[in-house]
Asker: 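The structure under discussion is supplied below as structure tokens; questions concerning it will follow.
All figures in this text were calculated on a predicted structure; none of them were measured in a lab. We use all heavy atoms of the structure for the numbers below, so side chains are in, but hydrogens, waters and symmetry mates are not.
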Amino acid sequence: MHIVMMTNTYTPHVGGVAGSVLSFTQGYRARGHRVLVVAPEFEGMPEDEEDVVRIPAIQHFNGSDFSVVLPAPGRLTETLNEFQPDIVHSHHPFLLGDTALRVVASRNIPLVFTHHTMYEQYTHYVPGDSPPFARFIKTLGTGYANLCDRVIAPSESVANVLKERGVTTRINVIPTGVDVEKFKCADGASFRRQAGIPADAFLVGHVGRLAPEKNLEFLTEAVCAFLVQRPEAHFLVVGGGPSTERMRVICAETNTCDRVHFVGKLTGVPLVQAYTAMDVFAFSSKSETQGMVLTEAMAAGVPVVALDAPGAREVVRNTSNGRLLKRQDLQGFAAALEWVYSCPAPKRLAMSKSARKTAAEFSCDRCVEKALMLYGRAITTGHAAPDHESTPRPALLRAVADEWQLWSNRFSAAAAMFSSSDQHEAIP
């Protein structure tokens with residue numbers, strides 16, 4: 001197959017969507033399929049990239065680490081003509097997502113859309129953030145999903161929410177897989193030495209973007225409360241973002257700075273080693289659709305303490321591979337960390353084995369095969385392969401119809417923005 005991936009985030013940006021696109025792209029190529037990635041420019045991106053088209057973009061939009069793409073250049077059309085795609089996979093419902101819809105309409109090929117993000121929980125990055133704008137974003141995403149031939153949800157929780165919001169396009173649950181093999185022989189002890197973490201310390205870890213939507217103020221307060229109770233415990237934070245300074249302030253207020261290690265963003269072998277160095281992984285985000293860091297931690301044999309929320313509830317099995325907490329409570333979260341700390345060695349070993357077993361259920365191989373099967377069904381049962389020489393009319397008619405639907409979706413979202421009530425509740 002010739003597959004086009006259109007995404008608003010990609011390497012070297014560090015985040016769930018960028019990581020997902022990269023993971024699936026590598027998996028498809030390893031199986032002999034050709035993949036063209038269409039993504040924005042980012043600072044520090046590789047100079048030589050195979051089958052990647054970079055679109056000019058505004059860097060650090062509104063102070064964030066995201067890029068906002070500008071109108072797609074004409075050379076994209078030329079590249080697509082040469083590539084001859086069989087299917088397009090869109091990873092966002094706006095910006096390059098709009099471009100994806102126009103591409104499939106002009107070529108009469110299927111469009112698959114992955115609803116990676118509960119976008120209404122990220123509106124604080126946009127000037128004019130407000131409840132009406134959140135309604136606009138939710139309605140826009142729902143309408144976009146209904147313009148696609150197939151929709152992928154990263155978890156059952158997200159699939160259920162999309163159905164409740166009115167998505168009628170067929171939804172398949174396919175999470176982003178984890179490469180379990182690379183976690184089997186990682187050297188966590190070496191990472192501890194390099195980071196200045198004692199070999200015998202009980203190490204609580206966290207990996208991710210350090211941003212407000214990740215509920216990190218609560219997480220830091222809860223972990224620091226545990227550190228106060230256990231002077232031999234340390235906290236490892238991997239990642240960067242706007243919440244870093246607030247997290248440091250909380251550590252200072254609890255006099256735990258000397259046992260909290262901010263090591264910044266990590267990738268490749270150092271990241272795998274960081275996971276392996278941990279004794280427990282702490283996670284309190286309620287805005288995830290999957291939470292890839294959870295399965296990565298479990299691939300390293302690390303149990304997880306997390307709040308019961310989408311992404312976590314599909315992975316964490318309470319007292320088996322970690323602790324899943326029903327409500328957000330500082331003392332309760334700290335107590336769950338204490339529970340893991342106090343478990344006897346045989347129980348800790350059993351949790352580690354259970355964590356690895358769970359991670360195997362989310363392996364890259366399984367998830368890539370599921371996605372390829374979905375592509376095959378979409379190509380077979382979706383729109384016919386284009387035949388521009390014999391009859392351009394069907395593709396032209398679809399292009400006109402889809403452009404009308406695209407604008408109709410925007411008008412509907414705008415109407416929802418000014419409605420008096422929000423009919424769609426946030427993800428549970």
Side-chain angles (χ1 to χ4, degrees), residues 157 188 197-198 200-208 210 212-239 243 246-262 274-275 277-288 291 293-298 300-356 358 428:
S157 296
I197 301 170
D200 59 349
F202 181 84
L203 186 59
V204 183
H206 178 80
V207 175
L210 307 184
E213 65 272 9
K214 304 297 185 180
N215 197 24
L216 291 170
E217 185 167 337
F218 166 81
L219 181 72
T220 308
E221 290 176 350
V223 174
C224 286
F226 169 70
L227 296 186
V228 170
Q229 297 171 358
R230 292 291 180 181
E232 62 273 39
H234 285 238
F235 185 24
L236 171 64
V237 182
V238 180
S243 293
R246 178 57 188 154
M247 295 175 72
R248 289 184 181 277
V249 168
I250 294 171
C251 296
E253 291 173 346
T254 55
N255 296 316
T256 57
C257 290
D258 59 330
R259 290 183 287 134
V260 180
H261 310 266
F262 290 89
Y275 277 117
M278 301 172 189
D279 292 298
V280 63
F281 189 89
F283 192 76
S284 64
S285 176
K286 296 184 284 186
S287 65
E288 305 304 308
V293 292
L294 302 181
T295 49
E296 290 176 342
M298 289 189 178
V302 180
V304 173
V305 173
L307 298 180
D308 184 6
R313 69 169 63 107
E314 281 85 5
V315 179
V316 184
R317 284 109 197 215
N318 196 37
T319 72
S320 175
N321 59 14
R323 292 294 305 274
L324 190 65
L325 307 179
K326 293 296 182 182
R327 61 192 182 92
Q328 179 169 311
D329 174 71
L330 285 174
Q331 287 73 29
F333 202 100
L337 295 173
E338 173 68 26
W339 181 85
V340 176
Y341 173 90
S342 301
C343 280
K347 175 61 176 176
R348 295 264 294 275
L349 180 60
M351 282 197 294
S352 180
K353 290 181 177 179
S354 179
R356 291 185 187 274
T358 300

Asker: What's the spacing between Q229 CD and C224 SG if we round to 0.5 Å?
Answerer: 11.5 Å
Asker: Distance check, rounded to the nearest 0.5 Å: K326 atom NZ versus L307 atom CG?
Answerer: 11.5 Å
Asker: Does a donor on one side chain and an acceptor on the other come within less than 3.5 Å for S285 and N215?
Answerer: no
Asker: Does a salt bridge link D308 with R327, judged by any charged N lying under 4.0 Å from a carboxylate O?
Answerer: no
Asker: Write down the atom of G311, the atom of L294, and the distance for their closest heavy-atom approach.
Answerer: O-CD1, 3.8 Å
Asker: Fit a plane to each ring of F226 and F202, take the angle between them on a 0 to 90° scale, and name the class: parallel (under 30°), tilted (30 to 60°) or perpendicular (over 60°).
Answerer: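 Perpendicular.
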Asker: Atom OG in S354, atom CZ in R317: separation rounded to 0.5 Å?
Answerer: 7.0 Å
Asker: Would you compute the distance between atom OG1 of T256 and atom CZ of F235 and round it to the nearest 0.5 angstrom?
Answerer: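 It comes to 9.0 Å.
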Asker: Side-chain donor-acceptor pair under 3.5 Å between E232 and Y341, yes or no?
Answerer: yes
Asker: Over 60° means perpendicular and under 30° means parallel, so classify the ring planes of F333 and F218, tilted if in between.
Answerer: perpendicular
Asker: Check whether any side-chain heavy atom of N321 lies under 4.5 Å from a side-chain heavy atom of V304, and answer yes or no.
Answerer: no
Asker: Consider only side-chain N and O atoms of Q328 and S284, and report whether a donor and an acceptor are under 3.5 Å apart.
Answerer: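 Their side chains do not contain a donor-acceptor pair, so the 3.5 Å distance test is not met.
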Asker: Under the criterion salt bridge (charged side-chain N to carboxylate O under 4.0 Å, His left out), I'd like the reasoning laid out for E288 against K214: C-alpha separation, chi angles, the key distance, then a yes or no.
Answerer: CA-CA 8 Å; E288 305 304 308; K214 304 297 185 180; 2.8 Å; yes
